[in-house]
Structure formats: C-alpha cells, structure tokens
Amino acid sequence: MVRTKGYPEALEKKLHDQRYYREDSTADFMKRVEASSRTIAHMCYQCGTCTGSCPSAPRSTYRIRKFMRRAVLGFETEALTDPDLWLCTTCYSCTDRCPRDIAPTDVIMSMRNMAFTHDIIPVNFLKTVTAIYASGHGVPNNDVNRAAREKLGLTRDPPTTHMYPEYMPAIRKILDHYHLKENADRIIKEREG
Ligand code: SF4
Ligand code: SF4
C-alpha cells in the first residue's frame, strides 16, 4: 500500500512508504498460487538455496527467494507487477535443490499466469501465441530452412501441422477456448497502437 501526503508524483515515488502493513496482504494469494502451482509454497523457510542456485540472480535483481516470500505473505500486486518475474529461465535448479521439496519454478509459472490475466506480459509471449495460431508452431518453418532441408534430402516441411494443415482447426479451437489469441491480439494492439 502506498502512503504519501500528496507530493508531486516524482517526490511521492521517492517518499513511498516501504514498510509492510497487514492490509498489504491479499489473504488468498498464497492459496491461489498453491492451487495452480501444485507445490507447497507455504512451507518455504527462506533458506536461500533457490537464489543461490539461480543463473539469473548474479546478472540481475531477480531473486526467487523474494518471490517465495511474497507468495507466503500474500503480496500479490508487488509480485505480479515486478518486471523481474519474467527473468526466470525455468531451469529448475531451485526446484532440484529446495530442502523443503518446494518447486519455486512452478510458483513463478503460477504468478506469470496470474499476471497475464491483468494484461501484464512481455510481448514476445503474445507473438508466440500468434505464431502458433497461424501455423501450429512457435517457431515456424521458413524458405531458407526449406531449402536447407531439401539439400539434406528431407521433405521441405516436417511432418507436423506444416505438412498437415488440416489439424490446425483443432489447435485453434484449444487456443480459442482459453481466449488466448483474442487477448494476445488485443494487448498487442493496445501496446503498438
Ligand atoms: S530453497 Fe526452498 S525453502 Fe529455501 S528459500 Fe527457496 S523455496 Fe524457500
Ligand atoms: S527455475 Fe527460475 S528461479 Fe529457479 S533457479 Fe532456474 S532461473 Fe532461477
């Protein structure tokens, strides 16, 4: 919660009260994180093994342990609006090593899913949705690769939706069920104008 006294915006930001208050906590945040991540986030006792394992931590301000704390304390807005949420490579090193058998990686996945429902998502994810909707591939084939495949004695397209586009309607149906393409198009349009 931001507690300031109506100073100009820049100053207000500087004076932002960084203490935590009970009302900053969203009571059911941790439960929702646990329900979608299927991991026991509330068992975290902040040992720091996860951050010590993380390849993103030495190169950025991303701290998986901090996100675990936010999950436990219910700091939903703070977690979902932090750009560092998108720096996890999902390498699963933290999950491999957590002494409490927690999967912090899956906590991050859960928070990313929640962030997307608030339109908080890097545009590359949206472009991937668009590519899959168009071709069934996040990284579709192209003419340079088709020529290279031919040289190797392969078919120009692999035996996927590229070769069998009749399967595309079924893929689109799944994406449409979750309104993924619709939301991706809307957010891209809002960002790019
Ligand atoms: S390794 Fe596990 S218990 Fe330790 S801080 Fe990370 S999530 Fe919590
Ligand atoms: S899965 Fe994500 S948070 Fe865990 S160690 Fe790898 S990059 Fe870090």
Side-chain angles (χ1 to χ4, degrees), residues 1-2 13 16-133 136-140 160 171 174-175 177-181 183-184 187-188 191:
M1 181 153 312
V2 181
K13 214 171 176 187
H16 175 188
D17 185 348
Q18 299 202 334
R19 282 170 291 190
Y20 292 119
Y21 298 90
R22 187 174 290 219
E23 62 264 33
D24 295 339
S25 176
T26 308
D28 66 342
F29 181 51
M30 212 264 305
K31 284 209 169 91
R32 282 187 278 121
V33 165
E34 288 201 331
S36 68
S37 66
R38 314 287 291 169
T39 192
I40 44 172
H42 73 278
M43 291 293 283
C44 173
Y45 63 164
Q46 291 285 294
C47 69
T49 305
C50 49
T51 291
S53 307
C54 183
S56 290
R59 297 161 180 82
S60 71
T61 51
Y62 172 54
R63 299 290 179 267
I64 177 60
R65 178 171 66 134
K66 187 152 103 180
F67 279 90
M68 293 306 298
R69 195 69 181 143
R70 287 163 168 170
V72 171
L73 295 178
F75 293 157
E76 180 168 10
T77 309
E78 198 176 314
L80 303 192
T81 59
D82 185 342
D84 288 350
L85 177 60
W86 305 92
L87 294 181
C88 169
T89 65
T90 66
C91 71
Y92 277 94
S93 298
C94 52
T95 302
D96 279 345
R97 294 176 183 163
C98 174
R100 287 252 149 149
D101 272 343
I102 303 166
T105 324
D106 297 343
V107 168
I108 292 297
M109 293 298 102
S110 161
M111 288 179 179
R112 285 181 181 177
N113 282 336
M114 288 185 201
F116 187 20
T117 67
H118 296 284
D119 293 356
I120 303 168
I121 184 160
V123 81
N124 54 329
F125 286 86
L126 305 173
K127 297 263 159 109
T128 303
V129 169
T130 309
I132 293 172
Y133 199 87
H137 289 258
V139 184
T160 62
I171 289 174
I174 297 169
L175 297 179
H177 179 79
Y178 294 103
H179 303 285
L180 262 180
K181 173 68 163 45
N183 279 320
I187 300 169
I188 290 173
R191 297 222 185 132

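Basis for what follows: all heavy atoms, side chains included, without hydrogens, waters or symmetry-related copies. Read the numbers this way: they start at 1 and go in the same order the structure lists the ligands and their atoms.
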Consider only side-chain N and O atoms of [X] and [Y], and report whether a donor and an acceptor are under 3.5 Å apart.
X    : Y    : value
S110 : S36  : yes
T105 : T90  : no
T39  : D106 : no

(request) Could you pull out, from C44, P99, A41, the option with a heavy atom nearest to atom 8 (Fe) of ligand 1? (result)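 Looking at heavy atoms only, the winner is C44.
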
(message) Using a 4.0 Å cut-off to any heavy atom of Y62, which atoms of ligand 2 qualify?
(response)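 Listed by number with element: 3 (S).
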
[atom] [closest protein heavy-atom partner, distance rounded to 0.1 Å]:
atom                    : result
atom 2 (Fe) of ligand 1 : C98 SG, 2.3 Å
atom 4 (Fe) of ligand 1 : C47 SG, 2.3 Å
atom 6 (Fe) of ligand 1 : C50 SG, 2.4 Å

At a 4.0 Å threshold, what atoms of ligand 1 neighbour a non-hydrogen atom of [X]?
X   : answer
G48 : 4 (Fe), 5 (S)
Q46 : 5 (S), 8 (Fe)
Y45 : 3 (S)

(request) Taking 2.8 Å as the upper limit, name the protein N, O or S atoms near atom 2 (Fe) of ligand 2. (result)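 Protein N, O or S atoms closer than 2.8 Å to atom 2 (Fe) of ligand 2: C88 SG.
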
Taking atom [atom1] of [X] as the centre, does the number of heavy atoms from other residues, nucleotides or ligands within less than 6.0 Å exceed 12?
X    : atom1 : result
R191 : CZ    : yes
D101 : CG    : no
Y178 : OH    : no

(message) Within 45 degrees of the ring normal and closer than 6.0 Å to the centroid, is that where the cationic atom of R69 sits relative to F75?
(response)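 No.
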
(message) If I take atom CZ from residue R63 and atom CG from residue L87, how far apart are they, to the nearest 0.5 angstrom?
(response)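 Result: 10.5 Å between the selected atoms.
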
(message) Please tell me whether W86 and F125 form a close aromatic pair, meaning their ring centres lie under 6.0 Å apart.
(response)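 Aromatic pair counts; centres sit under 6.0 Å.
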
(request) Please determine if E76 and R32 form a salt bridge, counting it only when a charged side-chain N lies under 4.0 Å from a carboxylate O. (result)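 Looking at E76 and R32, the cut-off is met.
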
